[in-house]
Amino acid sequence: MGCCGKPIKKAIHIIQGYTALVRGKKYEGTDDRIRSCQKCQRNYWIGRALFCSICKCFVPAKARVEGEKCPLAKWD
Ligand code: SF4
């Protein structure tokens, strides 16, 4: 992949995650991922919205993309 591969992949995952979130779609590992993030010391909350302080992702969207990974390998 070229120099722009990672940003493009990230953008695609963000679109996939938010699309799945809006449509209420999950994959089989989504709930386990979210539970791990809820217990993680690297999370943060804005109101009731859960984020990862390392990748800055909105967890309910990130957790819906099968190809996403936890930056600390707490889930994959
Ligand atoms: S993605 Fe990983 S590091 Fe980030 S909040 Fe979730 S479990 Fe923690």
Side-chain angles (χ1 to χ4, degrees):
M1 214 175 269
C3 65
C4 298
K6 284 188 177 181
I8 290 172
K9 183 178 174 186
K10 183 79 176 176
I12 291 169
H13 281 190
I14 290 170
I15 292 166
Q16 288 175 333
Y18 279 92
T19 300
L21 182 64
V22 167
R23 292 181 176 169
K25 290 189 174 180
K26 297 178 182 178
Y27 97 101
E28 62 187 22
T30 297
D31 289 337
D32 286 342
R33 287 176 167 188
I34 292 172
R35 278 191 284 273
S36 293
C37 293
Q38 287 171 331
K39 293 183 276 185
C40 179
Q41 293 182 334
R42 302 306 298 266
N43 72 15
Y44 68 97
W45 297 82
I46 298 177
R48 297 179 62 181
L50 175 62
F51 293 84
C52 173
S53 66
I54 299 174
C55 63
K56 314 297 184 202
C57 290
F58 179 48
V59 168
K62 177 184 177 87
R64 285 172 159 80
V65 180
E66 192 167 0
E68 272 292 315
K69 301 213 180 305
C70 166
L72 296 182
K74 293 188 174 192
W75 51 258
D76 59 11

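Indexing begins at 1, ligand by ligand and atom by atom, following the structure's order.
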query: When you look at NZ of Lys25, are more than 12 heavy atoms from neighbouring residues, nucleotides or ligands closer to it than 6.0 Å?
result: no
Residue and atom name of the nearest protein heavy atom (relative to atom 8 (Fe) of ligand 1), distance in Å to one decimal: Cys40 SG, 2.4 Å
- request: Starting from atom 4 (Fe) of ligand 1, locate the nearest protein heavy atom and write down its residue, its atom name and how far away it is, to 0.1 Å.
  value: Cys52 SG, 2.4 Å
- prompt: Donor-acceptor pair, Asp32 side chain versus Gly29 backbone, under 3.5 Å?
  reply: no
- prompt: Going by the angle between their ring planes, with limits at 30° and 60°, are Phe58 and Tyr18 parallel, tilted or perpendicular?
  reply: parallel
query: Should Cys70 and Ser36 count as side-chain neighbours, where that means a heavy-atom distance under 4.5 Å?
result: no
- prompt: Does Cys37 bring an N, O or S atom to under 2.8 Å of atom 6 (Fe) of ligand 1?
  reply: yes
message: Regarding Cys70, does it place an N, O or S atom less than 2.8 Å from atom 2 (Fe) of ligand 1?
response: yes
